[in-house]
Amino acid sequence: MSFLHPWALAGLLAAAVPIILHLVQRREPPTVTFPAVRYLIDATREHQRRLRVQHWLLLAIRTLLIVALVLAAAGPLVARPGVASHAPAALVLVLDNSASSAAIAGGTRRLDELVRAADGALARATPNDALWLVTADGVPRRGDAAALRAMLSRLAPSARRLDLGEAVATADRVLAGESRPGEILLLSDVQASALGPAAPSVPLTVGRPAGAPPANAGIAAVDLGPQPWSVDGGRATVTLAGDSGVQSAVTVRLGDRPPREALATVGSAVTLALPAAAPGWRVVEAALTADELRLDDRRVAAVRVAPVARADCAPGGRYAVAACDVLAGNGRLAPGGDVRLGGFGASASVVLPPEDAAAVGALNRELERRGVSWRFGALAPAGTSDSGALLPPTRVARRLRLESAGSGRSGVLASVGGEPWLVRSGPVLLLGSRLDPAWTDLPVTAGFMRFVDQVLNRLARGELSSLDAAPGDPVALPDVVDEVAHGDRRVSVEGGARYVAADTGVQYLLSGRDTVGVLSVNPDPRESRLEPATDRQLRDLWPTARVLDLERAPAQAFAGAARGDLTAPFLWLALLLGLAEVGLASWWKRA
Amino acid sequence: MLRTDVTQGRTRLDLLDPVDVARLGGLEVTTEGVVEGFLTGLHRSPRRGFSVEFAEHRMYQPGDELRYVDWKMLARSDRLYVKQFEEETNLRAMVVFDASRSMAWSGSPEQTLTKLEYAQRLIAAFSLVLLRQRDATGLIVFDEAVRSITPPRARPGHWRQIVEKLSGLQAGQGTAAEPALRRVVDQLRRRGLVVFVSDLLLERDLAVTALRFLKHRGHQVVVLHVLDPAEVALSGPAEARFEDPETGRSVVIRPRDWASAYDETVRGAIRDWRAACRRAGIGYHRVVTDTPFGQTLRAILSPRGGA
């Protein structure tokens with residue numbers, strides 16, 4: 001039982017008044033000499049017990065009368081699941097409008113079912129309730145029932161993925177500072193892939209659709225291979241995800257060039273050769289034939305189309321020369337002096353430590369003269385390169401420490417033991433080790449060819465990165481990026497900051513007037529698997545949750561705080577007790 | 001307030017409030033006054049059985065029957081005398097007086113005599129009436145034991161002996177009526193009158209058995225049940241512990257709550273006593289201590305009184 005006005009319970013002290021009066025009256029009364037005591041004893045013998053019962057009954061009635069009045073004044077509320085009224089409560093409504101909610105099952109969009117259920121739950125709210133709505137963006141939004149219902153009416157499927165465990169944890173944190181009894185109502189299609197562990201401290205009710213989800217196939221990834229593509233074109237590998245077993249037609253289009261098509265099934269990948277295109281950034285769009293979930297039927301990526309670098313690899317040593325020869329044989333490089341590996345070139349340079357340590361000073365002076373903000377330092381401890389997109393972890397036996405000549409450390413592309421190992425300053429890249437097995441295992445690893453390709457074709461030519469992300473996922477932008485362009489919209493960012501893309505599509509990373517990278521934002525491929533979590537999975541991950549069909553879930557909102565208002569019954573009880581007291585006292589007095 | 005006999009223009013103590021009477025003087029003096037007033041108020045001799053043999057003359061008193069007027073004496077002396085006769089066998093009366101602790105109690109000492117004080121005066125008056133009729137009168141005083149026995153005598157001056165016994169009386173502790181009543185047998189060898197004066201706060205069965213025994217011995221038995229007004233109608237503080245002065249038994253009650261039940265119980269006790277006495281042929285009178293002595297005497301000595 002809870003109370004609307006708990007302070008009124010202090011009035012219960014008044015209930016002690018009849019008892020105190022009774023005890024006071026039980027003090028030893030004055031003694032009166034009276035010879036006819038035997039008559040008194042005879043008179044009282046048969047009535048004494050009845051009188052004692054009457055006195056105790058009156059005492060109980062008077063005490064209960066006061067208690068009933070005080071309780072009525074305190075606004076008693078009793079837990080009664082199913083009743084319409086409830087005590088002021090705090091409810092966090094988690095509505096999963098992630099990409100999977102756009103799926104259509106039985107002719108109805110999942111999101112519409114979820115919104116209808118959420119609307120029903122909010123309809124049970126009172127002005128005394130604290131309400132929050134958490135959607136796929138993970139942001140708890142507070143408002144009254146009307147405001148949240150308005151939000152629901154405008155809610156559309158989001159391309160974002162909602163980790164249900166994190167959403168429940170977020171809701172739990174929101175309720176942690178709330179004095180009112182809290183509860184979480186999670187309305188979701190409860191994808192197995194969206195499930196995460198959660199141990200909320202408040203009651204958790206999960207409402208999920210009763211019907212089975214539709215079979216779905218979606219594009220999980222579009223791999224465009226090494227970039228930039230030459231003007232002769234390139235290959236795109238499309239991977240499908242989902243739970244559909246049927247073949248789907250995959251269409252891949254490079255810019256406005258004619259599309260290429262192929263058939264693919266879930267779990268398989270298909271590679272299509274795309275035709276030549278003019279130099280520049282080009283959008284590659286992969287699409288599937290339409291199914292019940294359209295959000296994952298399209299995926300975009302961006303590719304840089306440019307002539308291959310004209311590189312001179314001879315100063316880099318024989319391993320570099322061998323790699324460049326292979327790349328040239330595959331059309332990824334062309335002989336020339338635009339980029340020099342192991343020395344200073346006409347436009348771009350990849351500078352390696354000198355064989356002779358005595359030459360480090362002269363090299364640093366040359367770097368200073370060219371305005372490069374990095375210098376070679378002393379020998380540094382051996383280590384392993386940190387994992388990154390550029391190259392896998394690689395043992396580094398010998399290296400020179402790279403030291404920034406400026407105030408910051410911008411331009412770090414790879415590191416060893418947390419220290420810069422590959423840095424960039426303008427058109428100049430500095431590598432802390434020579435491309436020799438005596439310095440590092442890199443030249444004898446499988447990734448060496450790709451490393452050289454990336455360094456010469458992209459990094460040394462100023463093209464930094466091609467990033468992939470899902471909406472809502474934070475992305476670490478390269479240091480040099482100061483603006484993100486998405487269509488006509490431009491967002492200023494701090495270099496090195498984390499960026500969260502809200503919408504799907506290709507977004508360009510700008511540094512000044514140069515495009516230094518691209519961010520391809522597509523739905524999380526896990527959203528393509530619509531298979532719901534099993535009851536066992538739910539029990540294992542959310543042992544305290546109450547899982548209901550979506551239709552029954554709204555009725556369970558505020559069930560934890562559902563209270564019957566007992567004020568009127570207590571007032572009636574007080575009235576009846578008062579009447580009983582008056583009636584009995586009068587009757588006994590007459591008797 | 002003194003009451004006045006309008007026909008005589010004299011104060012009649014028998015009609016006064018007992019407390020007022022007690023304030024007028026000692027037991028002896030006031031009792032004589034009461035009896036004088038009482039006899040003055042009678043229209044006929046209080047007792048039947050006047051002896052058929054002439055005994056003596058006495059001054060005519062209002063209320064004497066005219067048939068006993070000695071007309072010859074009137075002719076000779078021009079004064080009214082009535083003839084008094086001596087029974088063949090004089091009446092012998094024995095008063096058995098309960099002087100237990102419970103008798104020495106008044107519910108309102110300022111307004112009523114204690115039962116003991118009232119009974120003292122009543123017995124004195126009763127004795128005087130009997131002695132004036134030349135009936136032998138004796139007195140047995142008891143509490144938890146027999147404390148004194150005054151054998152029945154009819155000689156002049158015996159009344160003063162009874163009054164002395166009564167005047168020096170102090171209340172005892174308990175009440176043991178049955179031995180005292182048994183002792184009557186020793187004092188009344190012929191048939192006589194036994195007057196049992198008590199508040200009857202005693203073992204009724206034992207007392208009635210003893211009274212019935214006396215009745216079977218041929219005695220005329222009268223019970224005077226002395227009650228204080230406060231014993232008839234219960235009153236007192238809001239709540240009190242009522243304690244029996246004799247036994248020490250007590251009960252805590254609210255008089256207001258129990259007045260009705262108590263009244264019913266007292267009525268029941270009186271009813272039981274009256275019924276028990278009636279069954280045994282015993283006279284019973286309820287005497288409340290705020291009743292004027294004359295009124296009580298009249299009730300006792302009336303032909304229906306049984307005495």
Side-chain angles (χ1 to χ4, degrees), chain A residues 13-66 576-591, chain B residues 98 100-107 109 114-116 171 174-175 198-204 225-270 272:
Chain A
L13 294 174
V17 170
I19 298 173
I20 291 172
L21 288 177
H22 177 77
L23 294 176
V24 167
Q25 289 177 342
R26 283 174 63 89
R27 289 180 312 176
E28 183 61 23
T31 298
V32 174
T33 300
F34 190 71
V37 163
R38 64 176 58 203
Y39 296 147
L40 284 177
I41 293 175
D42 289 345
T44 59
R45 182 180 294 125
E46 61 184 77
H47 299 289
Q48 193 72 40
R49 186 168 182 172
R50 180 168 61 88
L51 196 66
R52 189 177 295 118
V53 171
Q54 289 175 353
H55 282 167
W56 281 109
L57 190 55
L58 279 179
L59 175 66
I61 287 174
R62 288 164 183 164
T63 304
L64 287 175
L65 172 62
I66 295 174
L576 291 176
L577 288 170
L579 292 175
E581 199 274 344
V582 171
L584 289 176
S586 302
W587 182 45
W588 288 335
K589 191 174 181 181
R590 284 198 305 272
Chain B
D98 175 6
S100 62
R101 176 68 61 86
S102 64
M103 288 289 287
W105 182 83
S106 168
T114 66
K115 291 183 283 185
L116 189 73
T175 307
S198 170
D199 57 7
L200 299 183
L201 297 175
L202 40 74
E203 289 300 322
R204 188 177 68 203
H225 187 176
V226 183
L227 290 162
D228 187 273
E231 291 178 323
V232 176
L234 184 64
S235 62
E239 185 177 46
R241 175 178 293 282
F242 289 79
E243 186 176 68
D244 187 339
E246 291 188 17
T247 64
R249 295 171 67 190
S250 65
V251 61
V252 176
I253 62 159
R254 294 165 176 261
R256 192 180 61 181
D257 295 342
W258 291 103
S260 175
Y262 175 82
D263 180 65
E264 184 60 34
T265 302
V266 172
R267 287 173 188 271
I270 293 173
D272 291 345

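Every chain is numbered from 1 and lettered A, B, ... according to where its sequence line falls, protein lines coming before strand lines.
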[X] versus chain A, the contacting section by heavy-atom distance below 4.5 Å:
X	value
B:Leu234	side chain
B:Leu201	both
B:Glu231	both

Identify the heavy atoms of [X] and [Y] that sit nearest to each other, and give their distance.
X	Y	answer
B:Glu203	A:Arg38	N-NH1, 4.5 Å
A:Ala36	B:Tyr262	CB-OH, 3.4 Å
B:Thr265	A:Ala43	OG1-CB, 3.1 Å
A:Pro29	B:Ala240	CB-CA, 3.8 Å

Kindly check if the number of other-residue, nucleotide or ligand heavy atoms within 6.0 Å of CZ (B:Arg256) is above 12?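 It does not: B:Arg256 CZ has 12 such atoms or fewer within range.
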Are A:Gln54 and B:Asp257 close enough that some pair of their side-chain heavy atoms sits under 4.5 Å apart?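 SC-SC contact between A:Gln54 and B:Asp257 ruled out.
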Distance from B:Asp244 atom CG to A:Tyr39 atom OH, nearest 0.5 Å?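 One gets 11.0 Å once the value is rounded to the nearest 0.5 Å.
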Out of curiosity, B:Trp258 CH2 to A:Thr44 OG1, how far, rounded to the nearest 0.5 Å?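 Answer for the CH2-OG1 pair, B:Trp258 versus A:Thr44, is 5.5 Å.
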Between B:Trp105 (side chain) and A:Pro35 (backbone), is there a donor-acceptor pair under 3.5 Å?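 Pair absent, no side-chain N/O of B:Trp105 close to backbone of A:Pro35.
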